[in-house]
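As the structure is a prediction and not an experimental result, all values here were calculated from the model. Hydrogens, waters and symmetry mates play no part in the numbers below; they use all other heavy atoms, side chains included. Convention: sequence-line order gives letters A, B, ...; per-chain numbering from 1.
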Amino acid sequence: AQTVTQSQPEMSVQEAETVTLSCTYDTSESDYYLFWYKQPPSRQMILVIRQEAYKQQNATENRFSVNFQKAAKSFSLKISDSQLGDAAMYFCAYHLPSSGTYKYIFGTGTRLKVLA
Amino acid sequence: DSGVTQTPKHLITATGQRVTLRCSPRSGDLSVYWYQQSLDQGLQFLIHYYNGEERAKGNILERFSAQQFPDLHSELNLSSLELGDSALYFCASSPTYGAGNTIYFGEGSWLTVV
């Protein structure tokens with residue numbers, strides 16, 4: 001079964017500190033795409049970062065970066081210099097173009113609290 | 001603003017009723033996805049359309065149906081509504097079919113069944 005696991009239901013970080021959210025996934029495919037989405041209290045789903053599995057280099061977007069470990073099927077999100085506006089639910093997701101279903105599979109989310 | 005438009009934003013209806021949620025994808029996007037998010041839950045994939053054709057089904061109830069029209073907008077029809085159908089329904093779109101594109105979400109339609 002294609003699954004995405006976010007083992008941390010909730011995390012807290014002090015403002016200006018760094019936090020890492022974990023995500024593991026299960027697939028036997030070699031071609032896939034990984035995403036992190038942020039869902040603030042407004043409930044809007046906002047793309048944070050995207051990683052192609054064929055790329056060895058970890059994706060980075062400003063204060064957000066990933067640690068992509070393909071062999072371990074791990075895709076963690078690191079948020080540096082955390083800000084109050086980073087408080088949100090964070091969802092990890094992956095997409096298998098070759099699966100024939102073209103679904104985007106989401107994890108159950110990690111709620112991030114940022115402490116002032 | 002993602003460019004994906006969903007209407008209505010909020011809807012309250014009674015059990016047993018039928019509602020239609022509408023989605024306009026980003027300009028040029030051919031793929032439309034529907035997701036359901038119940039309170040404090042993750043996103044459950046319902047259905048995917050590409051250029052008017054159904055491409056994938058997820059955990060979509062038989063009481064639910066969807067379609068994508070020639071102008072690429074999509075509608076999700078929910079019938080014989082039950083209390084448990086109360087949720088946030090998201091539409092998302094992407095440019096092509098199965099190319100690993102990022103999907104962009106609308107703001108969602110809040111459905112409350114009373």
For this session: Could you pull out all residues at least two apart from B:F90 that satisfy ring pair (Phe, Tyr, Trp, His ring centres under 6.0 Å)?
Result: B:F105

Within a radius of less than 6.0 Å around [atom1] of [X], do more than 12 heavy atoms belonging to other residues, nucleotides or ligands occur?
{"X": "A:E10", "atom1": "CD", "value": "yes"}
{"X": "A:K78", "atom1": "NZ", "value": "no"}
{"X": "B:I12", "atom1": "CD1", "value": "no"}
{"X": "B:D71", "atom1": "CG", "value": "yes"}

Problem set entry | Full working for side-chain contact (heavy atoms from CB on, under 4.5 Å) between A:R43 and B:W110 | CA-CA 10 Å; A:R43 304 298 290 268; B:W110 280 98; 3.1 Å; yes

Exercise. Can you hop from A:Y32 to A:V66 via hydrophobic side chains spaced under 4.5 Å?
Worked result: yes

Exercise. Same cluster or not: are A:M89 and B:Y35 linked, directly or through other Ile, Leu, Val, Met, Phe, Trp or Tyr residues, by side-chain heavy atoms under 4.5 angstrom apart?
Worked result: yes

Exercise. Which value, rounded to the nearest 0.5 Å, describes the distance between A:F106 atom CZ and B:Q37 atom CD?
Worked result: 9.5 Å

Exercise. Looking at CG of A:L47 and OG of B:S2, how far apart are the two atoms once the value is rounded to the nearest 0.5 Å?
Worked result: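 Those atoms lie 11.0 Å apart.
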
Check: [Y] and [X] side chains under 4.5 Å, non-hydrogen atoms:
{"X": "A:M45", "Y": "B:Y104", "result": "no"}
{"X": "A:Y37", "Y": "B:T102", "result": "yes"}
{"X": "B:Y33", "Y": "A:Y104", "result": "yes"}
{"X": "B:F45", "Y": "A:I105", "result": "no"}

Exercise. Which answer fits A:Q39, side chain, backbone, both or neither, if we ask what part of it has an atom under 4.5 Å from a heavy atom of chain B?
Worked result: side chain

For this session: Please flag which part of B:I103 lies under 4.5 Å from any non-hydrogen atom of chain A: side chain, backbone, both or neither.
Result: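 For B:I103, heavy atoms of backbone and side chain both lie under 4.5 Å from chain A.
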
